[in-house]
Amino acid sequence: MSDTPTPSLLNDCFLHDRDRLRHDEALEILRTRMSTVTGLETLPLEACAGRILAQEIAAPRDVPLFDNAAVDGYAFRFSDHDPAGGFFRLGARVAAGHPVEGPLAPWSAARIFTGAVMPEGADTVAMQEDCRVSEEGGETFVIVPAGLRAGANRRRAGEDLKAGTPLMAPGQRLRPQDLAALASIGQAEVQVHQRLKVGLFSTGDELRRPGRALAAGGVYDSNFFLLKALAETLPVEIHDLGILPDRRADVEAALAAAAQRCDLLLTTGGASRGEEDHVGAALMSLGHRHMWQLAIKPGRPMMFGQIGTTLLLGLPGNPVAAMVCFLLYGRPVINQLAGGAFLAPQRFAVPAAFSVKGKKPDRREFYRGTLVTGPDGETRVTKFERDGSGLITGLRAADGLIEIPEEVRSVDEGSLVTFLPFSGMGLATA
Ligand code: AMP
Ligand code: MG
């Protein structure tokens with residue numbers, strides 16, 4: 001089942017090539033100038049992991065539906081119980097899924113198992129490990145220890161969710177624990193957003209996919225694999241659109257065709273001002289280039305525009321810059337276009353195990369950071385020592401990004417810096 005997509009977003013007149021946009025301004029533009037483009041579909045719950053919810057959900061009834069035992073043991077009426085310890089006549093046997101009819105007989109305890117409905121009148125459960133069972137005169141008794149409190153080991157109806165409680169709202173990403181909650185209220189199908197169709201292009205005459213021979217001066221296309229895996233942490237459907245040559249006409253034809261089929265085009269490389277950089281020129285002739293050139297490092301040439309109602313995010317070609325720009329800009333953009341929030345990374349203040357002198361003002365810098373815990377037990381963050389934005393090694397060594405604001409010119413060892421863990425940007429740890 002599919003709804004008509006809500007119309008796309010952007011007003012095409014908001015920003016024209018203002019040079020060197022600051023990070024926060026760029027984020028604000030991206031956040032406020034676009035909205036959801038994906039349609040809706042109803043899926044069985046098991047197909048909903050990682051999808052973005054498109055409906056309100058409230059608990060239709062209590063969870064659990066009835067008072068039940070939290071342990072295997074013996075259920076009794078607390079008011080029948082001698083707080084100094086005592087015994088009960090052994091009565092009914094109640095297993096999970098097999099409730100018993102009628103009230104508990106006076107001065108008796110029911111044999112009960114975890115999850116079984118508490119017999120009427122019973123309010124307390126003694127754990128089987130703490131009880132002793134004995135036979136006397138042909139009758140079975142259970143001896144319950146001292147020290148139990150009224151209501152011990154009983155789970156109350158509605159203690160997880162009360163009937164009518166608002167549970168989930170549109171726009172939230174369905175995590176494993178959310179699916180568990182939906183199942184617990186008996187929801188078999190959920191209305192979610194369709195996955196965002198993301199077209200991925202690499203650009204550059206030097207690039208080849210692994211498995212093909214490299215020509216002289218050739219480089220393997222790392223960014224396709226990097227960006228596909230990064231994007232797939234979000235609810236997307238990836239269209240591999242291959243490698244574009246550094247020829248304007250080819251770039252233009254390929255972008256025009258892809259814009260017909262995709263909601264978002266992600267390109268890498270070819271975004272600078274060089275003669276061999278054709279993505280910007282093609283974008284301007286096919287549609288609009290809304291911004292490029294950010295006051296950040298790495299990742300200065302980052303482009304954002306649209307062809308018809310399809311958006312284009314032109315990421316830098318250097319792998320480090322491509323990953324940093326994807327996480328900072330691509331991730332929130334994709335999630336918002338797909339019906340969710342404009343995701344902000346988690347940020348923590350962590351003491352620096354490095355120092356920096358002579359940072360350029362007026363630009364925000366992002367270093368690759370690795371957490372280290374010293375013999376004193378304190379966790380600090382080290383900076384990958386080499387700066388090159390082609391170094392995939394530094395991305396692999398890092399646990400996240402260190403963010404140094406525009407106005408800062410130096411960092412002293414031991415001072416607090418802002419750390420953005422990759423795990424707080426949707427990535428798994430190694
Ligand atoms: P460009 O932005 O096209 O000037 O590329 C900048 C640098 O990144 C060059 O050294 C390119 O070879 C490299 N590069 C561009 N695209 C990729 C890619 N998909 N995989 C690996 N390296 C790339
Ligand atoms: Mg290139």
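When a ligand or atom number is given, it counts from 1 through the structure's own listing order.
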| Crowding at NZ, Lys357 (>12 non-hydrogen neighbours, <6.0 Å) | yes
| Polar proximity ligand 1 side, Gly270 side, N/O cut 3.5 Å exclusive | yes
| said: If the condition is side-chain hydrogen bond (donor to acceptor under 3.5 Å, both in side chains), which residues does Arg111 pass it with, not counting sequence neighbours? | reply: Gln128
| Does atom CZ of Arg93 have more than 12 heavy-atom neighbours from other groups under 6.0 Å away? | no
| request: Identify, by atom number and element, the atoms of ligand 1 in contact range of Tyr220, meaning under 4.0 Å from any of its heavy atoms. | output: 20 (N), 21 (C)
| field | Protein residue, atom and distance nearest to atom 17 (C) of ligand 1, heavy-atom basis | value | Asn223 ND2, 3.4 Å
| said: Applying a heavy-atom cut-off of 4.0 Å, say which part of Ile243 lies close to ligand 1: side chain, backbone, both or neither. | reply: neither
| Aromatic plane relationship, His290 with Phe304 - under 30° parallel, 30 to 60° tilted, over 60° perpendicular | tilted
| request: Among Leu255, Val251, Thr310, Leu312, find the residue that satisfies the side chain to side chain contact (heavy atoms under 4.5 Å, CB included) test when tested with Leu286. | output: Leu255
| atom 4 (O) of ligand 1 [closest protein heavy-atom partner, distance rounded to 0.1 Å] | Asp277 OD1, 3.9 Å
| query | Going by the atom numbers of ligand 1, which of them fall below 4.0 Å from some non-hydrogen atom of Ser202? | reply | 19 (N)
| field | Any N or O of Ser272 closer than 3.5 Å to N or O of ligand 1 | value | no
| request: Return the minimal non-hydrogen interatomic distance between Gln194 and Arg51, and the atom names on each side. | output: CA-NH1, 3.9 Å
| Which atoms of ligand 1 are found less than 4.0 Å from any heavy atom of Thr268? | 19 (N)
| message | Among Ser389, Gly317, Ala322, Gly218, which one puts a heavy atom closest to atom 22 (N) of ligand 1? | response | Gly317
| message | Which residue and atom name correspond to the protein heavy atom nearest atom 9 (C) of ligand 1, and how close is it? | response | Glu206 OE2, 4.2 Å
| Under 3.5 Å, is there a donor-acceptor pair linking the side chains of Thr114 and Asp72? | yes
| task | Inspect the surroundings of CZ in Arg409 and state if more than 12 heavy atoms from other residues, nucleotides or ligands are less than 6.0 Å away. | result | no
| Does ligand 1 have an atom that lies less than 4.0 angstrom from a heavy atom of Ser222? | yes
| For atom 19 (N) of ligand 1, what is the nearest protein heavy atom, given as residue, atom name and distance? | Asp221 OD1, 2.7 Å
| task | Can you sort out the partners of Glu252 under side-chain hydrogen bond (donor to acceptor under 3.5 Å, both in side chains), two or more places apart, ordered by chain and number? | result | Arg248, Ser285
| note | So the atoms of ligand 1 within less than 4.0 Å of a heavy atom of Gly269 turn out to be 1 (P), 2 (O), 3 (O)
| said: Is the contact between Glu276 and ligand 1 made by the side chain, the backbone, both, or neither, using heavy atoms and a 4.0 Å cut-off? | reply: neither
| query | So which heavy atom in the protein is nearest atom 7 (C) of ligand 1, and how far is it from that ligand atom? | reply | Asn318 OD1, 3.4 Å
| task | Give, for atom CG of Leu200 and atom OG1 of Thr267, the distance between the pair rounded to the nearest 0.5 Å. | result | 9.5 Å
